[in-house]
Chemist: 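Here it is, the structure in full.
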Amino acid sequence: MDPAPITSSGDTSTSTLSTPPAKTATSAATPPSSSSGGTGSSTNTDLPLLAPAAAIPDPPLPKWALRVLPAWRFLRGPTPPRPTLIRPLLPRLQAVPARTLKRLLPRRRHRWAAQLAFWAVWLVGFAALVHRSRFETRVGGADVLHLDCTAAYWARNSLCGLNGALCRPFEAGELVAFRCPSGCLTTKLLNPRAVGNASTVFTPFVVGGEPLRAGPADASGGGVYGVPYRADSFICQAAIHAGIVTDRFGGCGLLKQTGASPALGYAGTHRNGLRSLGFPASFPSSYVFVRPGPGVAISGCTDLRWHILPFSALFTAAQGLIASTALAFSFPALVAAFWHVGLVSDPPLSASVSGGGYELVSLVLSRFIPVIFVFYVIYLHVLGPTWATNTRLPSPPPLLGSPTGHPSSSSSTSSIPKPGGKPPKPPFPLPASLTLERTLLFLLGLWITSLTNITLDPLIPLARLTSHDISTQPGAKAALAIIIIILAIIVLTQAHFLRIEGRLPRFLALYGGVALVLITLAFAWSSTGALNLRIHHYIIGLLLLPGTKIGNRQSMLYQGLLLGLLVNGVARWGFASLLETGAGLRGDAVLGVGGVPRVLSPLSLGLNGTGLGGGGGGNGGNVTFRWQWPTPDENRLFDGSTGEAIPGRREFDGISILVNDVERARIAIPSISSTVTTQEDGDGSLPVEGQYTYPRRRVSAEGEFVEEAAGGVEWETLFVRMAFTSSERGVGDYSRAGTVLGFWPGRGVEGGSGGGGGQDEEGGIESGWIPPPKGRT
């Protein structure tokens, strides 16, 4: 191949490398000619071969790169990237509020004065309405107990202690004035709750409302005053059931603790849209609602949340229409929504007495101060930069808070930075041509999720993302599937716009890092069993907000929805931890692990001295309950990290016994009756069977306890549940209830509320004992 000729242009300091022409047959046969001009100029045939750079082939790519490169080019998006912008609908109409304000208040300082006056009007009006709604409650001059929807006098299972010592007094001569908020009718149990041999979950919780009588039950008769409710009933739901307060506006009332229930228990009734549960046995603590006397003045009891909501919503909408900067729009809206949730629509759980009720204001303020910093970061990095550059058309000059001063009214250019130009700076002037759309979309999303307890909770039957709730709550699986589909559509749509803007790889890296951190936390701590990962909805809002930094309409709606989750979560629950203990996450749900005692048939039922368990009766009205102690192999304590048994350690060291849902005994394994059956083991004599004797009382046909047997006198119904205890870990899960049946004239055998009959090898209806079904409570 011939070398490429070097040609001179008369300047010896520069030369150009010319590309040789394609060879032909003639040129191939003709030798290169020498120059006949000046001396010393000839073609240098000894120069090295020089080829153009374009002629050097690229090295072949490895196979993995050939597979990855198309995907990378797709994720990188088009070249050059295309910004996502909104073409406003009727831009001149949307700019009317800004032009009107500018015409009415042409000077900047006047607009600022009007803005401050507007904020002051909202602040004074909101404070006055909240004070009237919450802090002016009076019931005859007495202190008023402000209750939440789940307040009760009694706690579940053994939480009230032995014989209910921690929930005393059972009876009080003084009347208690109380106030209930609105919206308590939809409050539901999230964990199963045992009532005798029945169990309920995902329902309101009211037991009683009518005394159970020896004759046919009357579920509709009687008045609302003076009828007993079991002490663990939610007071505000019981007040709705009795008609004392309403679900929409709440209200006030008077109640009195009356001590033990009627001997025959409570009847379930349906009143005012709420069905109460029945309980055919005695209980040591009850309360009744009392009619206010003629001289008792009641005022300030109406929950005004439905009156305050339009006031707060209209304030944020008006602020959105007149604001010319992202700062003036976003901060008032977020502040108003936060305080509305904290003091009005969904206040934190707090039962307080009138005069000290302002502790709620202190609690919400303690959460508001740190959330202001979070709001500022979101405004600075998400809302401001996005809103300032998301419009396609020029807009009128900024009005309020503009850093550029007051431009001439005849100016036709906009100070809104164009996409691709210099990045906008705080306070981020807003395009006036998008005022109506921005106000509608952002505030609609903000208020929907800020008022989650009103808007979403009644529609989505899924309060917690736990396996128990998903599998047992009606409609939870379908709701979860719909939520996942909607989220998938939203994520794919946002990813599409990020891709055409050329920002998708950065966001994939960001969220990939977040996912890696969450997965690491979940596995690192869950392996120890000490802490569990829980992503609260305010955390969801914070994590997903960066993905809305796109100049389209749906992003403004998503920003409002996610910030509403943040507002509701922090105002209601505070900055709850990302890692929670198992006990905190479980609440009052069953543990689901560990052994449950095997309840045996009673040694005696106290019915004419007869017994079931093969032992001697003849103990009058006493019922001797029995259970099976765990064997040494069953009672070993295992290390959660290694799965190995810990030498010398036991999982349980005692038992707790509930009779009629009240803890009546705690018995340690060494401190059991000397009459228990034992077996010899390598470690000595170990108990196998334990016993506990409970005095059973007689009941008259009128439903009163009596001392001596007489005509028409029978025995009370008993429900027994048992759980193993540990001095280190507390009480384990209780068994389901075994039933000692009660008898009285005209009703025959009474099987309890919701319990099943039947017969097995240890008892049945005919014998007066129904063994507990399998399960735990």
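Note: hydrogens, waters and symmetry copies are ignored here, and every other heavy atom, side chains too, is used.
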Chemist: Can you find a side-chain donor-acceptor pair between Thr624 and Thr693 that sits under 3.5 Å?
Modeler: yes
Chemist: How close do Ile655 and Thr725 get, heavy atom to heavy atom, and via which atoms?
Modeler: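 Result for this residue pair: N-OG1, 3.5 Å.
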Chemist: Donor-acceptor check, side chain of Glu716 to backbone of Ala263, threshold 3.5 angstrom: yes or no?
Modeler: no
Chemist: Which word best sums up how the rings of Tyr692 and Tyr694 line up, parallel for under 30°, tilted for 30 to 60°, or perpendicular for over 60°?
Modeler: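 Rings of Tyr692 and Tyr694: tilted, as their planes differ by 30° to 60°.
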Chemist: Between Arg664 and Asn163, do the side chains contain a donor N or O and an acceptor N or O under 3.5 Å apart?
Modeler: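 Yes, Arg664 and Asn163 have a side-chain donor paired with an acceptor closer than 3.5 Å.
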Chemist: Given the rule in the side chain to side chain contact (heavy atoms under 4.5 Å, CB included) test, do Phe234 and Leu189 qualify, once you have shown the distances and angles that lead to the verdict?
Modeler: CA-CA 10 Å; Phe234 294 161; Leu189 289 170; 3.7 Å; yes
Chemist: Are more than 12 heavy atoms, taken from residues, nucleotides or ligands other than Arg168, located less than 6.0 Å from that residue's CZ atom?
Modeler: yes
Chemist: What distance separates Thr200 OG1 from Arg275 CZ, expressed to the nearest 0.5 Å?
Modeler: 12.0 Å
Chemist: State, to 0.1 Å, how close Trp769 and Leu600 come at their nearest heavy-atom pair, and which atoms those are.
Modeler: CZ2-O, 3.7 Å
Chemist: Walk me through whether Val731 and Asn157 qualify under side chain to side chain contact (heavy atoms under 4.5 Å, CB included).
Modeler: CA-CA 10 Å; Val731 182; Asn157 289 346; over 6 Å; no
Chemist: Give a yes or no on whether the backbone of Pro181 and the side-chain of Arg305 come within a donor-acceptor separation of less than 3.5 Å.
Modeler: no
Chemist: Enter the distance from Asn197:CG to Asp661:CG here, rounded to the nearest 0.5 Å.
Modeler: 9.5 Å
Chemist: Please tell me whether Cys301 and Cys252 are bridged, where bridged means their SG atoms are separated by under 2.5 Å.
Modeler: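 Yes.
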Chemist: Any idea which heavy atoms bring Val662 and Gly164 closest together, and the distance?
Modeler: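 That closest heavy-atom pairing would be CG1-N, 4.3 Å.
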Chemist: Using side chain to side chain contact (heavy atoms under 4.5 Å, CB included), reason through His307 and Phe249 one step at a time and then give a plain yes or no.
Modeler: CA-CA 10 Å; His307 304 75; Phe249 297 113; 3.7 Å; yes
Chemist: For the pair Arg271 (side chain) and Gly209 (backbone), establish whether a donor and an acceptor sit closer than 3.5 Å, ignoring hydrogens and angles.
Modeler: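 Pair found, side chain donor or acceptor close to backbone of Gly209.
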Chemist: To the nearest 0.5 Å, tell me how far His537 NE2 sits from Asn568 CG.
Modeler: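 The NE2 atom of His537 sits 4.5 Å away from the CG atom of Asn568.
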Chemist: Ignoring hydrogens and geometry, is there a side-chain-to-backbone donor-acceptor pair from Asp733 to Val596 under 3.5 Å?
Modeler: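 No, the answer is negative, given that no donor and acceptor are paired below the 3.5 Å cut-off.
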Chemist: Would you say the side-chain atoms of Arg367 pair up with the backbone N or O of Ala571, donor to acceptor, closer than 3.5 Å?
Modeler: yes
Chemist: Just checking, any donor-acceptor pair under 3.5 angstrom between side chains of Ser727 and Asp653?
Modeler: yes
Chemist: Assess the pair Trp573 and Tyr538: is the distance between their ring centroids shorter than 6.0 Å?
Modeler: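 For Trp573 and Tyr538, the ring centres are not under 6.0 Å apart.
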Chemist: Quick check: do Thr186 and Asp457 have side-chain heavy atoms less than 4.5 Å from each other?
Modeler: no
Chemist: Can a donor-acceptor pair be found, under 3.5 Å and without considering hydrogens, that links the side chain of Asp303 to the backbone of Gly250?
Modeler: no
Chemist: Mind checking the CG-OG spacing from Leu255 to Ser286? Nearest 0.5 Å is all I need.
Modeler: 12.0 Å
Chemist: For the ring pair Tyr266 and Tyr229, is the centre-to-centre distance below 6.0 Å?
Modeler: no
Chemist: Can we say the SG-SG distance for Cys184 and Cys149 is below 2.5 Å?
Modeler: yes
Chemist: Is there a donor-acceptor pair closer than 3.5 Å between any side-chain N or O of Ser276 and the backbone N or O of Gly208?
Modeler: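 Confirmed, Ser276 side chain pairs with Gly208 backbone.
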Chemist: Could you tell me whether the side chain of Leu451 reaches within less than 4.5 Å of the side chain of His340, counting heavy atoms only?
Modeler: yes
Chemist: First locate atom OG1 of Thr137, then atom CG of Leu145, and finally report the distance between them rounded to the nearest 0.5 Å.
Modeler: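 Rounded to the nearest 0.5 Å, the OG1-CG separation comes to 11.5 Å.
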Chemist: For residues Val364 and Gly342, report the shortest heavy-atom separation together with the two atoms involved.
Modeler: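 That closest heavy-atom pairing would be CG2-O, 3.5 Å.
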Chemist: List the atom of His241, the atom of Asn272, and the distance in Å for their closest heavy-atom pair.
Modeler: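 Minimum heavy-atom separation between His241 and Asn272: O-ND2, 2.9 Å.
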Chemist: Given Trp339, which partner from the list Phe311, Phe368, Phe126 fulfils the ring pair (Phe, Tyr, Trp, His ring centres under 6.0 Å) test?
Modeler: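 So, applying the ring pair (Phe, Tyr, Trp, His ring centres under 6.0 Å) to Trp339 and each of Phe311, Phe368, Phe126, only Phe368 qualifies.
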Chemist: How about Glu663 and Ser656: does a side-chain donor come under 3.5 Å of a side-chain acceptor?
Modeler: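 Distance-only check passes for Glu663 and Ser656.
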Chemist: Keeping the roles fixed (side chain from Asn660, backbone from Ala281), state whether a donor-acceptor pair exists under 3.5 Å.
Modeler: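 Looks like no, no N/O pair under 3.5 Å.
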Chemist: Centre of Trp154's six-membered ring, under 6.0 Å away, within 45 degrees of the axis: is that where NZ or CZ of Arg230 sits?
Modeler: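 The answer is no, since Arg230 fails at least one limit relative to Trp154.
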Chemist: Will you find, in the side chains of Arg572 and Thr452, an N or O donor that is under 3.5 Å from an N or O acceptor?
Modeler: no
Chemist: Begin from the C-alpha positions of Phe205 and Leu277 and carry the test side chain to side chain contact (heavy atoms under 4.5 Å, CB included) through to its verdict.
Modeler: CA-CA 8 Å; Phe205 189 69; Leu277 303 172; 4.1 Å; yes
Chemist: How about Met722 and Pro772: do any of their side-chain heavy atoms sit closer than 4.5 Å?
Modeler: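 SC-SC contact between Met722 and Pro772 ruled out.
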Chemist: Does any part of the side chain of Leu360, heavy atoms only, come nearer than 4.5 Å to the side chain of Pro348, both counted from C-beta?
Modeler: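 Answer yes - side chains close enough.
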Chemist: So do the side chains of Ile667 and Trp627 get within less than 4.5 Å of each other, counting heavy atoms only?
Modeler: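 When only atoms from C-beta onward are counted, Trp627 and Ile667 do touch, with a gap below 4.5 Å.
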Chemist: I'd like to know if the side chain of Thr777 pairs up with that of Arg721 as donor and acceptor (distance under 3.5 Å, no hydrogens or angles considered).
Modeler: yes
Chemist: Do you know which two heavy atoms are closest between Cys167 and Ala155, and how far apart they sit?
Modeler: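 Shortest heavy-atom separation between Cys167 and Ala155 comes out as SG-N, 4.2 Å.
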